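Keep in mind it's a predicted model, so treat the numbers as computed, not measured.
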Amino acid sequence: MKKKRKRKQSKLTQMKNNLEQLRRDLAEADTQGKKAKLTLRILLLEQKVKREEFHRVSGFNQIRTSEIPSGAPGLGKR
């Protein structure tokens, strides 16, 4: 039987898995300081996940920089 190569997880999947792990850690946290740090990390990671999902839907993450002409507005090139 031929072995199947394990596929590399996408960045979005990794972030979602990390988010779930942080939520589990938050439920087990015992001190207020630890809860505050985990809550902040969860909020920041949720923002990143939301941004990445938007980029995936819009196709923004598929744009190659070589396809953008050097004189395109907003790039700061002259």
Side-chain angles (χ1 to χ4, degrees):
M1 190 163 108
K2 192 174 185 181
K3 287 187 178 182
K4 291 184 180 179
R5 193 179 79 180
K6 191 172 183 180
R7 288 182 55 185
K8 183 180 173 186
Q9 284 186 337
S10 70
K11 185 177 178 182
L12 184 60
T13 305
Q14 288 175 355
M15 287 194 300
K16 285 183 179 180
N17 290 340
N18 289 344
L19 190 59
E20 292 304 316
Q21 182 64 42
L22 286 172
R23 287 183 178 147
R24 278 185 251 133
D25 292 345
L26 180 64
E28 297 171 359
D30 49 356
T31 63
Q32 286 297 99
K34 200 171 194 179
K35 286 182 181 182
K37 286 180 184 179
L38 288 172
T39 304
L40 179 63
R41 287 180 61 191
I42 287 172
L43 289 174
L44 293 174
L45 193 55
E46 283 176 344
Q47 289 175 352
K48 286 182 182 179
V49 167
K50 190 184 272 187
R51 190 178 317 124
E52 192 68 28
E53 285 176 339
F54 175 75
H55 286 176
R56 175 151 311 159
V57 170
S58 68
F60 183 73
N61 62 347
Q62 296 173 356
I63 297 174
R64 290 176 179 73
T65 55
S66 61
E67 295 174 2
I68 300 172
S70 62
L75 290 179
K77 297 180 180 179
R78 293 176 190 224

Could you note down all residue pairs passing salt bridge (charged side-chain N to carboxylate O under 4.0 Å, His left out) where residues 5-18 supplies at least one of them, sequence neighbours left out? Lys16-Glu53
What is the distance from atom NZ of Lys48 to atom CE of Met15, rounded to the nearest 0.5 Å? 7.5 Å
Can you tell me how far CG of Leu22 sits from CG of Asn17, rounded to the nearest 0.5 angstrom? 11.0 Å
Indicate every side-chain donor-acceptor pair of residues 23-46 with a distance under 3.5 Å to a residue at least two apart or in another chain.
| from | atom 1 | to | atom 2 | distance (Å) |
| --- | --- | --- | --- | --- |
| Arg23 | NH1 | Glu20 | OE2 | 3.2 |
| Arg23 | NH2 | Glu46 | OE2 | 2.5 |
| Arg24 | NH1 | Gln21 | OE1 | 2.8 |
| Asp25 | OD1 | Gln21 | NE2 | 3.1 |
| Thr31 | OG1 | Lys34 | N | 3.3 |
| Thr39 | OG1 | Lys35 | O | 2.6 |

